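This structure is a prediction, so every number in the text was calculated from the model and none was measured.
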Amino acid sequence: MDTMNLLAQAATNLTDSLATSNPVLTPVAAPAQMNMLDMAIKGGWIMIILGIFSVVCFYILFERMYAIRKAGKEDPMFMEKIKDYILSGEIKSALSYCRSMNTPSARMIEKGISRLGRPVNDVQVAIENVGNLEVAKLEKGLTIMATISGGAPMLGFLGTVTGMVRAFYEMANAGNNIDITLLSGGIYEAMITTVGGLIVGIIAMFAYNYLVTLVDGVVNKMESRTMEFMDLLNEPAKK
């Protein structure tokens with residue numbers, strides 16, 4: 001009986017010792033994660049300029065996309081109707097039809113119709129002058145976008161230089177008490193501005209090339225309509 005009591009006491013003591021010897025685990029906090037807004041704030045004042053550049057870039061992109069695509073839409077039978085009006089002598093109807101279309105090609109043809117009766121070279125020059133004005137309207141804002149595509153990476157590189165200068169300046173002032181936290185601000189500015197400048201520049205470059213492609217498509221259509229109209233004027237001379 002005494003033996004059973006001793007075993008029970010020993011088991012109780014062992015259980016208590018195991019319970020008291022286990023350490024209390026302290027939960028480890030998850031590492032902090034940085035979002036895009038935090039990164040932009042760390043970049044300093046240059047990120048504000050890059051943000052403005054990105055807003056301007058996207059505004060030009062969507063505004064020009066709408067305008068250029070609208071300029072490229074026209075009636076597939078446009079030149080056929082113009083030809084019928086002219087051959088039947090309905091010049092006013094041809095002019096009214098061009099005004100109703102309200103496209104670059106229609107305005108060019110309208111100018112050519114208004115010059116009917118003059119030498120063919122004068123008509124062609126008048127059409128080309130209107131065409132140059134229409135192309136300039138289509139390319140509105142593209143120069144700004146091209147400047148952003150080249151200037152944004154350079155501005156980001158400027159932030160890299162100023163950030164590294166700031167980091168080394170704080171390092172020099174710290175003397176022997178150099179701490180990584182003293183350098184973090186300058187290093188953040190140096191790296192984040194580079195990333196921001198590259199992102200804005202790359203987006204602007206692709207957007208610029210896309211808009212140029214859209215403009216080229218409309219210009220090709222304008223040139224095609226001009227050639228068709230000039231062929232129409234030269235038909236009587238051929239006959």
Got a second to check how far [X]'s [atom1] is from [Y]'s [atom2], nearest 0.5 Å?
X      : Y      : atom1 : atom2 : result
Glu139 : Leu214 : CD    : CG    : 12.0 Å
Leu155 : Leu50  : CG    : CG    : 5.0 Å
Leu95  : Ile82  : CG    : CD1   : 8.0 Å
Asn102 : Lys73  : CG    : NZ    : 13.5 Å
Met77  : Asp84  : CE    : CG    : 8.0 Å
Met145 : Lys140 : CE    : NZ    : 13.5 Å

Quick check: closest heavy atoms across [X] and [Y], and the distance to 0.1 Å?
X      : Y      : value
Val123 : Arg118 : CG2-O, 4.1 Å
Phe53  : Val200 : CB-CG1, 4.1 Å
Arg225 : Ile109 : O-CD1, 3.7 Å
Ile91  : Ile86  : CD1-CA, 4.4 Å
Ala71  : Leu138 : CB-CD2, 3.8 Å
Pro153 : Leu198 : CB-CD2, 4.3 Å

Original post:
So Met222 and Val135, side chain to side chain contact (heavy atoms under 4.5 Å, CB included) or not? Walk me through it.
Top reply: CA-CA 9 Å; Met222 293 165 58; Val135 172; 4.1 Å; yes
Is [Y] close to [X] at the side-chain level, that is, under 4.5 Å between some pair of heavy atoms?
X      : Y      : result
Arg115 : Asp122 : no
Phe229 : Ile113 : yes
Asp75  : Tyr97  : yes
Ile148 : Met205 : no
Ile127 : Met230 : yes
Val215 : Leu142 : yes
Phe78  : Cys98  : yes

Following the transitive rule for hydrophobic clusters with a side-chain heavy-atom cut-off under 4.5 Å over Ile, Leu, Val, Met, Phe, Trp and Tyr, establish whether [X] and [Y] coincide in one cluster.
X      : Y      : value
Ile52  : Tyr208 : yes
Ile202 : Leu158 : no
Leu133 : Val218 : no
Tyr210 : Ile60  : yes
Val125 : Val120 : no

Original post:
Is there a donor-acceptor pair closer than 3.5 Å between any side-chain N or O of Ser224 and the backbone N or O of Asn220?
Top reply: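 No; judged by distance alone, with no hydrogens or angles, the pair does not exist.
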Original post:
Can you check whether Ser93's main-chain N or O pairs, donor with acceptor, with Ser96's side chain at less than 3.5 Å?
Top reply: no
Original post:
Among all residues two or more places apart in sequence or in another chain, which pass the salt bridge (charged side-chain N to carboxylate O under 4.0 Å, His left out) test with Arg99?
Top reply: Glu110
**OP:** Could you pull out all residues at least two apart from Glu63 that satisfy salt bridge (charged side-chain N to carboxylate O under 4.0 Å, His left out)?
**Re:**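 With neighbours one apart ignored, the set is empty.
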Subject >> Check against salt bridge (charged side-chain N to carboxylate O under 4.0 Å, His left out), Lys221 and Glu74 >> reply: CA-CA 10 Å; Lys221 188 176 294 185; Glu74 64 178 33; 5.4 Å; no
Original post:
Taking everything shown except Phe157 itself, do over 12 heavy atoms lie less than 6.0 Å from its CZ?
Top reply: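 Open.
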